Each structure stands twice: as C-alpha cells, then as structure tokens.
Amino acid sequence: MAGDPPVIVKIREGSDPDEDLVFGGIPPFNTRAIAMLIDLVVVIGINIALVMLLPNFASSLAWLTGAAYLIVRDSLPFLGGQSIGKKAMKIKVVKLDDQPITGNWEAAVLRNLILVIPLLGLIELFILLTREDKPDRGRRLGDEWAKTKVIFAPDFPKEEDPA
C-alpha cells in the first residue's frame, strides 16, 4: 500500500550485530535509556515552566503533570504514539501483534505506572539489564502487563506521487 513503510528482509547466517536495527527490531538497552533520559528532561522542563507560570499553585500541579506525562507519553495522539524521547531515538511502543498504542490509554497506564512508584523503577531497570541476552530481551514488567514491546521505528522517506 502507498502509505505503508517498506518491508526490509535480511537473510543472514550466524549472528549479525545489525539484525535488530531495522524496522520492528528490538532496540538495545542504551537506546531505551537515552529515550528515557530525554523524557525526564521534558518532565523537568514542564515542572520548571509550571512553577514559573503559576508560582503559588504549581508545585503540586507540576509533579502531577510530570507524572501524567510519564504514564501516558507512549499513547499521546499528537505525538504519533511516541514519547518525545522515543521519537528522538526512533523507537516506538507497539502491542505484541505490532499494532501501535496511539490513543490506547489502558496499555500506556499499565506499562508506565510502575515507573512513577518509588524504587519500582529500579526493579524495572534490573529486569531490562538481566534480560538483555534472553528471548524476552527488551521487555520489562510493564511491557508484560500491557502486552507490549518496544521496537525500532525509523522514519522512511515518503513515496513521491507519480503524477
């Protein structure tokens, strides 16, 4: 179909270090970590802006807004179903059947609520690191609960109209 990204097929023998760098491949831990750091910078920016704009009311509102962004960031329709960090790192959260979670608030909340609970984020980090060489690589507890996975989603050039 005209709007679908091209399908990339690689035939390989043995282990290819670039095997996951194509559309739909599982990104390595460091790519996800950088995306999370970018999202945390966004949250800090939101908090600072709210405190500056609404000084008397903003401290509690800023924390609530930051937590809300962290929880629903992967399903925001105006960001195309990617957080700002995931967009920058060209990764995306999809359901196990490869359907995007854009607008799927339940999946976003199930997968990210654990990250705003103190110390549970460290458990998620440990799980991601220990699964790096296993078949369920790249899936944390939140992904298991929401039945999601994180994949590479590079931008493909738009097809030109033949007209």
Side-chain angles (χ1 to χ4, degrees), residues 3 5 20-156 158:
D20 291 331
L21 299 180
V22 298
F23 186 88
I26 304 297
F29 170 78
N30 60 350
T31 302
R32 292 183 68 172
I34 293 169
M36 181 61 164
L37 288 174
I38 293 169
D39 287 334
L40 289 176
V41 168
V42 169
V43 168
I44 291 168
I46 290 170
N47 287 348
I48 290 171
L50 285 174
V51 168
M52 290 174 64
L53 291 173
L54 308 166
N56 295 331
F57 178 67
S59 61
S60 58
L61 179 64
W63 283 106
L64 183 62
T65 305
Y69 172 76
L70 284 178
I71 292 171
V72 300
R73 66 186 176 201
D74 300 320
S75 62
L76 295 171
F78 63 89
L79 289 175
Q82 292 172 286
S83 69
I84 293 170
K86 284 183 179 67
K87 228 178 223 323
M89 298 308 297
K90 299 185 184 316
I91 59 178
K92 185 173 190 160
V93 178
V94 294
K95 300 292 278 179
L96 291 178
D97 62 359
D98 292 328
Q99 295 300 311
I101 67 166
T102 307
N104 186 341
W105 307 108
E106 181 182 359
V109 170
L110 277 174
R111 113 175 261 287
N112 292 322
L113 188 60
I114 196 169
L115 297 177
V116 296
I117 300 171
L119 297 179
L120 290 182
L122 292 175
I123 294 171
E124 287 282 71
L125 175 65
F126 176 77
I127 288 170
L128 266 177
L129 289 173
T130 57
R131 290 182 172 175
E132 197 61 15
D133 295 330
K134 299 197 171 42
D136 53 356
R137 178 172 78 93
R139 293 193 68 216
R140 54 183 183 82
L141 289 177
D143 288 317
E144 288 180 17
W145 297 338
K147 295 177 179 54
T148 59
K149 62 184 176 180
V150 177
I151 61 169
F152 271 110
D155 297 329
F156 290 103
K158 302 276 186 206

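Because the structure is a prediction, the values reported are computed rather than measured. Index from 1, following the sequence.
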Smallest heavy-atom separation, G81 atom then T102 atom, equals CA-OG1, 3.3 Å

What are the two closest heavy atoms between S75 and A108, and how far apart are they?
->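 Reported closest heavy-atom pair: OG-CB, 3.4 Å.
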
Atom [atom1] in [X], atom [atom2] in [Y]: separation rounded to 0.5 Å?
X: W145; Y: L113; atom1: CH2; atom2: CG; value: 8.5 Å
X: L141; Y: L115; atom1: CG; atom2: CG; value: 10.0 Å
X: I151; Y: D98; atom1: CD1; atom2: CG; value: 5.5 Å
X: I123; Y: L120; atom1: CD1; atom2: CG; value: 5.0 Å
X: I117; Y: L122; atom1: CD1; atom2: CG; value: 13.0 Å
X: I71; Y: N112; atom1: CD1; atom2: CG; value: 7.5 Å

Do [X] and [Y] touch side chain to side chain, with heavy atoms closer than 4.5 Å?
X: I26; Y: F152; answer: no
X: L96; Y: T148; answer: no
X: Q82; Y: K90; answer: no
X: V43; Y: L70; answer: yes
X: I34; Y: M36; answer: no
X: P27; Y: M89; answer: no
X: R111; Y: V150; answer: yes
X: Y69; Y: I84; answer: yes

For side chain to side chain contact (heavy atoms under 4.5 Å, CB included), just list the numbers for T31 and I91, CA-CA rounded to whole Å, side-chain angles, deciding distance to a tenth of an Å, and then say yes or no.
-> CA-CA 8 Å; T31 302; I91 59 178; 3.9 Å; yes

Any Lys/Arg nitrogen of [X] or [Y] sitting under 4.0 Å from an Asp/Glu carboxylate oxygen of the other?
X: R131; Y: E124; value: no
X: D143; Y: R32; value: yes
X: K147; Y: D97; value: no

Judged by atom type as modelled, is there a donor-acceptor pair below 3.5 Å linking the side chain of T130 to the main-chain atoms of F126?
->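 It does hold such a pair.
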
Report the C-alpha distance between L125 and F29 in whole Å, list the side-chain angles of each, state the deciding distance to 0.1 Å, and finish with yes or no for side chain to side chain contact (heavy atoms under 4.5 Å, CB included).
-> CA-CA 9 Å; L125 175 65; F29 170 78; 3.3 Å; yes

Non-neighbouring partners of R139 that pass salt bridge (charged side-chain N to carboxylate O under 4.0 Å, His left out), sequence neighbours left out | none

Side chain to side chain contact (heavy atoms under 4.5 Å, CB included) evaluation trace for K92 with I101 = CA-CA 9 Å; K92 185 173 190 160; I101 67 166; over 6 Å; no

Decide side chain to side chain contact (heavy atoms under 4.5 Å, CB included) for L61 and T65; before the verdict, give the C-alpha distance in whole Å, the side-chain angles of both, and the deciding distance to 0.1 Å.
-> CA-CA 6 Å; L61 179 64; T65 305; 3.9 Å; yes

Would you say the side chains of D39 and S83 form a donor-acceptor pair under 3.5 Å?
-> yes

